[in-house]
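Beneath this line is the structure, given in structure tokens, with notes to follow.
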Amino acid sequence: MALKDYNDKRKFDETTEPKGKTKKSENKLIFVIQRHAASRLHYDFRLEMEGVLKSWAVPKGPSLNPDDKRLAMMVEDHPYDYKDFEGNIPEGNYGAGQVEVWDSGTYEPLDQESKLSDEKELLKELKAGSLKFILHGKKLKGEFALVKMKNAENNSWLLIKHKDKFAEDKYDAEENTAKNSQVTKFLEEKKKPKKQQKEVITSEIKPKFQRFNSLVDEKKLKTFIKPMLAKPFEKAFDDEDWVFEIKWDGYRAVADLSKKESLFYSRNGISFLSKFDKVSEDFSKQKHKMILDGEIVAFDENGKPSFQMLQQIGDNPDLALTYQVFDLLWLNGHSTEELPLIQRKELLKEALIETDIIKYCDHIPEKGIDFFNQMKKMELEGMIAKKADSLYIENSRNSDWLKIKFTNTEEVIICGFTEPRGSREGFGALILGKYIDEKLTYSGHTGTGFNNESLNSLHEKLKKIVTKTSPFETIPKTNMPVTWVKPELVCEIKYSEITKDGIFRHPVFVAIREDKNPEEIADSTKKGSQINEKSKKMKAKTPSKKTEISDKDSEITLNKHKVKLTNQDKVYFPKDKVTKGDVIEYYQSVADYILPHLKNRPLSLNRYPNGINEQSFYQKDASDNIPDWIKTTQVYSESNDKYIDYIYCNDKATLAYLNNLGCIDLNPWNSSLPDLDHPDFMVLDLDPSKKNSFDHVIETALKVNEVLNSVKIKGYCKTSGSTGIHVYIPMGGKYDFEQVKDFAHILMKQVNEKLPKITTLERSLQKRDDKKIYLDYLQNRTGQTLASVYSLRPKEGASVSMPLEWEELKSGLKPTDFNIHNALERIKEKGDLFKPVLGKGIDMMKVLELLE
DNA sequence: GCTAGGT
DNA sequence: ACCTAGCAACGCCCG
DNA sequence: CGGGCG
């Protein structure tokens, strides 16, 4: 069909009102969070409603989480209209959502753990009618997470859906939009009255609104098309009813150019718009409104498609890539999914404007075998065969599309097996090796390809040749605990390619080769060994990305919480031979001293997952997958225009957890909950430049103390653990950051006047004299952090930030005098010298008068 | 990527 | 024939 | 480092 004919045939029927009628809400609703069991998708939603809880009930149906009784609730006085979709309620599992209940008077969130797990307690509250509530399905696993709301009076339902999988009607953009917008409208309606309230209500109830924002995730679409998939097929064939395309090895991607804002996303509805902005830019060159299906493909320097290059897009934004478009789902107002494939592609060819990046992916009719051989010559992954008259069926993997791949097979030696997980019996995966230059070399795991029978019989065989030690020189990292085996058994595997590290990608077990001895396959293909040569070089360039580990993983219980500790033997301080385990042990030993200084203070995490000499990063926003017992607080960040969940550390368990994440020093705010706007202390950071000696720093610190003494302030100093000294002055939360900062400025100016030769107030590094100590008073701002007292620092020597008596500040003192080895002893001897820092603050007015 | 098991 | 659930792998990005 | 994603 030609594009022109198609356009002429377009109808503009406006029959796109969503199904179902609009009803006035009855008074009672039951809320149930429903999900499909464990698919890989997660879906976060949040729904806030006005209403008073009337009663609650355990939902009917099988529960994934039998302990979770928190899901069905009855509500009164629900003030909103809602639309009612009839029928098609999927049967499924109920489970794992969260209900947060609020006190309708104070708007304080009630403690879920205690309130909701205690049925009597809750019912009491319910009777009193004093609860409002908020529902949020956080981390709901399941493809179709949705909220069902049942109207108790007439048994009708409202669904808020993730994806309207169960509806029978075909895709139609307008209709779909209408449905989606219902959800948004619904949620917006909920927000509206709140917003008006916001202005009226005082700041006391601020947390309520802070919380509302946190689950919005722009990266994941609420509604999206799942593309049609291909079935694996063994052999190439010729058939006049079929067409053949290249099988691209990249990311499958759908481009929805049907609306004002174009969408571009993965099979799972994750947006590609920013990740592949080059492609997105070219969407604006398109003249037609379309929905496209294709594959994002990257090319290496030889022009060969390269999956690995595509993955590394973060490192090289100038990567040569294309969007190969091979299907058209919608065009200028109407679905094309029910047109035969060849018609869709004709339309696509005409409608799509090709650019350097966006390409039409052509096909060859009938001659599959020739085409397949051609693909092989070009070293491509394989080909896709498509039935010429087939329709496009979303999210279906049926035999209209077939993928025919080239199989690489190789014989390898079984060197061990891993523990099975879940319902698997026998073993999880085989550890594979092969001889390269006469050295047994690790080449990957395979955990698939066996059926129950082969899995069992193989397990029996392997049990007989178990050994204690690994046959490899360097022990490979395994996902699960491993049992080693004498390298005697040979098996055949197939795989898609060998990665740059010389490891099989997509390895699949094929069969045991009893006819072969390990020695026979010693000289594997030249290609294999070449690739491995290469990988060795690559490894040399980026050392220790994959370090050997001994799996001394353990789980300890602190404060009644289970903390999983991993890689305890990993070396964090190579020169000092200090391991992660040592770091954890240190902090546990000084916990009584350090915890008071961390209590209720949001933390900036400074993480060194691979030790102090490797890449580190800062993390403020706690990911949503932290253990539920870790405490966080939400703080609005203007620069990001969003709320950030800060972790704070009030107990040993959190401390160990943070250390395990690679936090070597702890960087708390100067202010603490509940009042984050008023710092508990002022910090003066004496930050030396490269050419300063520590004696200079000491001299400056003493001068600071002089200034403080002159206005009758008691200051407290500590080594920063690095090169500087920090002076703290208690403020008692009486002044805001602005006041404290300005006050610090005044003090520092005085110090600078007294020591103009070795100190500076110049903030800019470029302009700063490299022989001068920077008097940093700007740490007294919201969200600024310094390494806390008793913090271990990520510096050679494993030094500790240690409080000092002023008398101890004299030349000869070195910042490395206090370290992981001797800190505890010293702290025990001196007690917590920094305790007064958290105490009663100074009277700034008095001081200012004295300054006059 | 694969198998098992249901409809 | 078609679908889901559950298991297994590797490499990369992200905070 | 752990989780999520291809």
Side-chain angles (χ1 to χ4, degrees), chain A residues 36-42 92-93 139 142-143 219-220 231-232 249-253 266-270 272 275 295-296 307-315 393 395-399 403 405 418 420-432 443-455 476-480 493-510 545-547 549 564-567 570 572 580 604-611 614-627 644-645 647 657-663:
Chain A
H36 262 229
S39 101
R40 263 168 223 183
L41 286 180
H42 299 265
N93 300 322
K139 285 271 136 212
E143 216 165 324
K219 283 204 151 180
K220 169 123 196 178
K231 261 211 175 134
D249 188 14
Y251 293 169
R252 187 71 176 274
S266 77
R267 275 179 51 179
N268 290 319
I270 308 289
F272 279 150
K275 183 159 187 160
E295 187 103 0
I296 305 167
F307 185 77
Q308 289 204 11
M309 300 280 266
L310 188 64
Q311 283 188 302
Q312 291 166 37
I313 183 88
D315 291 341
I393 301 164
N395 192 27
S396 161
R397 189 189 296 277
N398 62 32
S399 343
K403 56 176 146 188
K405 305 222 286 185
T418 60
R421 277 185 295 219
S423 59
R424 185 76 164 259
E425 279 171 43
F427 60 85
L430 300 176
I431 291 161
L432 311 175
S443 57
H445 290 196
T446 175
T448 189
F450 348 84
N451 53 30
N452 284 344
E453 198 196 328
S454 60
L455 196 126
K477 190 181 160 77
T478 54
N479 295 326
M480 293 296 290
I493 59 144
K494 58 179 179 175
Y495 62 92
S496 62
E497 66 180 326
I498 292 176
T499 66
K500 71 173 170 25
D501 290 344
I503 307 290
F504 296 116
R505 173 152 84 116
H506 299 151
V508 178
F509 172 84
V510 178
K545 186 131 198 213
K546 252 200 169 176
T547 40
I549 61 143
K564 234 205 280 168
L565 302 178
T566 56
N567 300 331
K570 179 171 265 187
Y572 268 17
K580 185 159 107 172
S604 289
L605 309 188
N606 183 198
R607 296 177 57 184
Y608 291 80
N610 291 306
E614 301 294 325
Q615 185 86 51
S616 74
F617 61 90
Y618 285 95
Q619 181 177 2
K620 290 181 176 173
D621 205 353
S623 42
D624 36 8
N625 37 42
I626 54 171
I644 291 181
D645 282 312
I647 292 180
Y657 173 78
L658 292 173
N659 293 151
N660 191 55
L661 289 178
C663 296

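This one's a predicted model, so the numbers in the text were calculated from it and none came from an experiment. Convention: sequence-line order gives letters A, B, ...; per-chain numbering from 1.
In this structure, the nucleotide among dC1(D), dG1(B), dG6(D) sitting nearest to the side chain of Val508(A) is dG1(B). For Ala429(A), the listed nucleotide lying nearest its side chain is dA9(C); candidates were dG1(B), dC3(C), dA9(C). The listed nucleotides are dG1(B), dG2(D), dG15(C); the one nearest the side chain of Arg607(A) is dG15(C). Set against dC12(C), dG6(D), dG6(C), the side chain of Gln312(A) has dC12(C) as its closest nucleotide. Closest approach to the Lys580(A) side chain among dC1(D), dC2(C), dG6(D) is made by dC1(D) (side chain taken as heavy atoms from C-beta onward).
At whole-Å resolution of the value, NZ in Lys564(A) and C1' in dC1(D) are 11 Å apart. The CG atom of Leu605(A) sits 19 Å away from the P atom of dC14(C) (whole-angstrom rounding). For His445(A) and dG1(B), the NE2 to P distance is 20 Å, given to the nearest whole Å. If you take CG of Asn479(A) and P of dC10(C), they are 6 Å apart, rounded to a whole angstrom. Atom CZ in Arg252(A) sits roughly 13 Å away from atom P in dG1(B) (whole-Å rounding). Between the P atom of dG11(C) and the CD atom of Glu497(A) lies a distance of 10 Å, rounded to the nearest Å. Following rounding to the nearest Å, Phe307(A) (CZ) and dA9(C) (P) show an atom-to-atom distance of 18 Å. Across the protein-nucleic acid pair, Arg421(A) atom CZ and dC7(C) atom P stand 9 Å apart, rounded to whole Å.
Side-chain contact between Tyr618(A) and Leu605(A): absent, with no pair of heavy atoms (C-beta onward) separated by less than 4.5 Å. Side-chain contact between Tyr657(A) and Pro627(A): present, with at least one pair of heavy atoms (C-beta onward) separated by less than 4.5 Å. The shortest side-chain heavy-atom distance between Lys580(A) and Thr566(A) falls under the 4.5 Å cut-off.
Applying the 4.0 Å criterion to OP1 and OP2 of dC10(C), one finds that Thr499(A) has every side-chain N and O outside that range. An OP1 or OP2 oxygen of dC1(D) is reached within less than 4.0 angstrom by a side-chain nitrogen or oxygen of Asn567(A). Residue Lys403(A) places at least one side-chain N or O closer than 4.0 Å to OP1 or OP2 of dG1(B). Contact annotation: Thr448(A) does not reach the phosphate of dT3(B) (side-chain N/O to OP1 or OP2, under 4.0 Å). Regarding contacts with the backbone of dC1(D), every side-chain N or O of Thr566(A) stays at 4.0 angstrom or more from both OP1 and OP2. For dA1(C), neither phosphate oxygen OP1 nor OP2 lies less than 4.0 angstrom from any side-chain nitrogen or oxygen of Asn398(A). For the pair Lys500(A) and dC10(C), the criterion of a side-chain N or O lying under 4.0 Å from OP1 or OP2 is not met.
Between dG2(D) and dA4(B), the two C1' atoms lie 31 Å apart (nearest whole Å). Comparing the C1' positions of dG1(B) and dG6(D) gives a spacing of 13 Å, expressed to the nearest Å. Rounded to whole Å, the P atom of dC2(B) lies 23 Å from the corresponding atom of dC5(D).
Here Ser399(A) lies in heavy-atom contact (under 4.0 Å) with sugar-phosphate atoms only. At the heavy-atom level, Lys494(A) lies under 4.0 Å from the strands shown only through sugar-phosphate atoms. When heavy atoms are screened at a 4.0 angstrom cut-off, Phe617(A) is found touching base atoms of the nucleic acid. Contacts of Gly422(A) with the nucleic acid, taken as non-hydrogen atoms under 4.0 Å apart, involve only primed sugar atoms and P, OP1 or OP2. As judged by a 4.0 angstrom heavy-atom cut-off over every strand, Phe509(A) is placed among residues making no nucleic acid contact.
Note: Phe509(A) and Phe450(A) have tilted aromatic rings, judged against thresholds of 30 and 60 degrees for the angle between ring planes. Relative ring orientation between Tyr495(A) and Phe504(A) is described as tilted, the plane-to-plane angle lying within the 30° to 60° band.
For Lys405(A), the salt bridge (charged side-chain N to carboxylate O under 4.0 Å, His left out) partners at least two apart in sequence or on another chain are Glu381(A). In this structure Arg505(A) satisfies the salt bridge (charged side-chain N to carboxylate O under 4.0 Å, His left out) test together with Asp249(A), Glu497(A), sequence neighbours excluded.
Checking Leu658(A), Asn606(A), Ile647(A) one by one against Cys663(A), the side chain to side chain contact (heavy atoms under 4.5 Å, CB included) holds for a single residue, Leu658(A).
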Pairwise N/O distances under 3.5 Å, protein to nucleotides 4-7 of chain B:
from   : atom 1 : to        : atom 2 : distance (Å)
dA4(B) : OP1    : Asn452(A) : N      : 3.0

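Thr499(A) and Asp501(A) form no side-chain donor-acceptor contact under 3.5 Å, judged by distance and modelled atom types alone. Under the 3.5 Å distance criterion, with hydrogens and angles disregarded, no donor-acceptor pair is assigned to the side chains of Asn398(A) and Lys231(A).
Counting distance only, with no hydrogens placed and no angle test, the side-chain atoms of Gln311(A) and the base atoms of dG11(C) include a donor-acceptor pair under 3.5 Å. Side-chain N/O atoms of Arg424(A) and base N/O atoms of dC7(C) include no donor-acceptor pair closer than 3.5 Å.
Both geometric conditions, a ring-centre gap below 5.5 Å and a plane tilt below 30°, are not fulfilled together for Tyr618(A) over the base of dG15(C).
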